[in-house]
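The shown structure was predicted, so the numbers you read here are calculated from the model rather than taken from an experiment.
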Amino acid sequence: MVDQDKIREAVRLLLEGAGENPEREGLLGTPDRVARMYTEIFAGMDADVSEPLSKVFAVEHNEMVLEKDIGFYSMCEHHMLPFYGKAHIAYLPQGKVLGLSKLARVVEAYARRLQIQEQMTGQIADAIMTHLAPQGVMAVLEAEHMCMTMRGIKKPGSRTITIAARGVFEDNAPLQEKVLQMIRMP
């Protein structure tokens, strides 16, 4: 749970450490604004993905499901700077499917916390495998990291792509390629 009082105090110290005056007119409300922002940004810290993943529907056929271009924003735990992009999730059902919005809710739950993209990709795939029990799942995340674009190496536009394959996707290169082709489709 986010402690807004501690965040306000930390922001005041950060402003002082950066050589600013936290009592300056333009900064008077900044600690409170940042505390409210972090409450929103880190809303996934206590999120339980089992709730959205429990909303399933029985199906007779087990054809692949792909939800692509799920936008997300997260915060890098190394530099506390944003990374943002799109998630693509494919799974092969085993008698049941999720409501489509539930995949986006899982992405959102894991994105709204201090995170690294590599871990987030695996968390999404593992949660779907655990709660839906499909034949397999593949999560593909592509994101731009502000720690790469506005500091350090300063390479705007560079994207990081991570893939987590579980179940039948894990060692099946043709199936993985099919997912990647579907993601590239307009």
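- Under 4.0 Å is where a charged nitrogen must lie from a carboxylate oxygen, and between E16 and R12 no such pair does.
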Set out, in order, the CA-CA distance, both residues' side-chain angles and the distance that settles side chain to side chain donor-acceptor pair (under 3.5 Å) for R36 and T39, then state yes or no.
CA-CA 5 Å; R36 288 192 319 261; T39 299; over 6 Å; no

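- Residue pairs meeting the ring-ring contact (aromatic ring centres under 6.0 Å, His included) criterion with at least one partner in residues 3-33, sequence neighbours excluded, are absent.
- Judged by distance alone, with hydrogens and angles left aside, the side-chain atoms of T130 form no donor-acceptor pair with the main-chain N or O of A127 at under 3.5 Å.
- Considering H88, R112, Q123, M120 in turn, M120 is the only one that fulfils the side chain to side chain contact (heavy atoms under 4.5 Å, CB included) rule with V107.
- Scored by the salt bridge (Lys or Arg N to Asp or Glu O under 4.0 Å) test, R159 finds E142 as partners (sequence neighbours excluded).
- Chaining together hydrophobic side chains whose heavy atoms lie under 4.5 Å apart places I153 alongside M148.
- By the criterion of side-chain heavy atoms lying less than 4.5 angstrom apart, applied directly or through intervening Ile, Leu, Val, Met, Phe, Trp or Tyr residues, I7 is grouped together with L27 in one hydrophobic cluster.
- Within the structure, ring-ring contact (aromatic ring centres under 6.0 Å, His included) contacts touching residues 4-38 (residues at least two apart or in different chains) are Y38-F42.
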Please lay out, stage by stage, how Y91 and Q135 fare under the test side chain to side chain contact (heavy atoms under 4.5 Å, CB included).
CA-CA 7 Å; Y91 69 93; Q135 297 174 62; over 6 Å; no

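- Evaluation of the side-chain hydrogen bond (donor to acceptor under 3.5 Å, both in side chains) rule for R166 yields D126 as partners, not counting sequence neighbours.
- The CD atom of E20 lies 12.0 Å from the CD atom of E23; values are rounded to the nearest 0.5 Å.
- Put simply, M138 and V49 are part of two different groups of oily side chains (I, L, V, M, F, W, Y) that touch within less than 4.5 Å, one to the next.
- Residue pairs that meet the ring-ring contact (aromatic ring centres under 6.0 Å, His included) test with at least one member in residues 128-186, sequence neighbours left out, are F83-H145.
- Residues meeting the salt bridge (Lys or Arg N to Asp or Glu O under 4.0 Å) test with D171, sequence neighbours left out: none.
- Taking Ile, Leu, Val, Met, Phe, Trp and Tyr as members and joining any whose side-chain heavy atoms lie under 4.5 Å apart, directly or through other members, I116 forms no hydrophobic cluster with any other residue.
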Pair up each side-chain donor or acceptor in residues 62-81 with any protein partner under 3.5 Å, not counting sequence neighbours, and list the distances.
from	atom 1	to	atom 2	distance (Å)
N62	OD1	G95	N	2.8
K68	NZ	M182	O	3.3
K68	NZ	I183	O	3.1
K68	NZ	M185	O	2.2
S74	OG	A111	O	2.6
S74	OG	R113	O	3.4

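- Looking only at side-chain heavy atoms (C-beta outward), K178 and P174 stay at 4.5 Å or farther from each other.
- L28 is not connected to L15 by any chain of hydrophobic side-chain contacts under 4.5 Å among Ile, Leu, Val, Met, Phe, Trp and Tyr, and they are in different clusters.
- Without hydrogens or angle criteria, E144 side chain to G157 main chain gives a donor-acceptor distance under 3.5 Å.
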Evaluate the side chain to side chain donor-acceptor pair (under 3.5 Å) criterion for residues Q117 and T162: first the C-alpha distance (whole Å), next the side-chain angles of each, then the deciding distance (0.1 Å), finally the verdict.
CA-CA 7 Å; Q117 181 178 336; T162 52; 3.1 Å; yes

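- Contacts of E177 classified as side-chain hydrogen bond (donor to acceptor under 3.5 Å, both in side chains), with partners at least two apart in sequence or in another chain: R184.
- The environment of CD in Q181 is crowded: more than 12 heavy-atom neighbours from other residues, nucleotides or ligands sit within 6.0 Å.
- Atom CE of M37 has more than 12 neighbouring heavy atoms from other residues, nucleotides or ligands inside a 6.0 Å radius.
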Could you give me the CA-CA distance, side-chain angles and deciding distance for I163 and T121, then say whether side chain to side chain contact (heavy atoms under 4.5 Å, CB included) is met?
CA-CA 7 Å; I163 298 173; T121 308; 5.6 Å; no

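- Shortest non-hydrogen contact noted between H61 and V59 is O-CG2, 3.2 Å.
- How far CE of M45 is from CG of L114: 6.0 Å, rounded to the nearest 0.5 Å.
- Taking all atoms of both residues into account, the shortest heavy-atom contact from R33 to G26 is NH2-O, 3.6 Å.
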The test is side chain to side chain contact (heavy atoms under 4.5 Å, CB included); show your working for K96 and L132 and say whether it passes.
CA-CA 8 Å; K96 55 188 176 182; L132 183 62; 3.8 Å; yes

Criterion side chain to side chain contact (heavy atoms under 4.5 Å, CB included) on L103 and I128, from CA distance to verdict:
CA-CA 8 Å; L103 294 172; I128 294 167; 3.7 Å; yes

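- Under the rule for a side-chain hydrogen bond (donor to acceptor under 3.5 Å, both in side chains), Q176 has no partner lying at least two apart in sequence or in another chain.
- Taking both residues in full, the closest heavy atoms of V168 and L92 are given as CG2-CD1, 3.6 Å, listed atom of the first, atom of the second, then distance.
- Between A47 and A109, the closest heavy-atom pair is CB-CB, 3.8 Å.
- Among residue pairs with one or both ends in residues 103-129, none qualify as ring-ring contact (aromatic ring centres under 6.0 Å, His included); sequence neighbours excluded.
- Closest approach of L98 and V56 over heavy atoms only: CD2-CG1, 3.9 Å.
- Residues D32 and R8 have side chains in contact (heavy-atom distance under 4.5 Å, counting atoms from C-beta outward).
- Both V179 and I161 sit in one connected hydrophobic cluster of ILVMFWY residues. Membership requires side-chain heavy atoms under 4.5 Å apart, directly or through other members.
- At a threshold of 4.5 Å between side-chain heavy atoms, the hydrophobic network of Ile, Leu, Val, Met, Phe, Trp and Tyr places V2 and V11 in one connected group.
- In this structure, CD in E108 is found 10.5 Å from CD1 in I124, a value given to the nearest 0.5 Å.
- For the residue pair K154 and M150, the shortest heavy atom distance occurs at CE-O, 4.1 Å.
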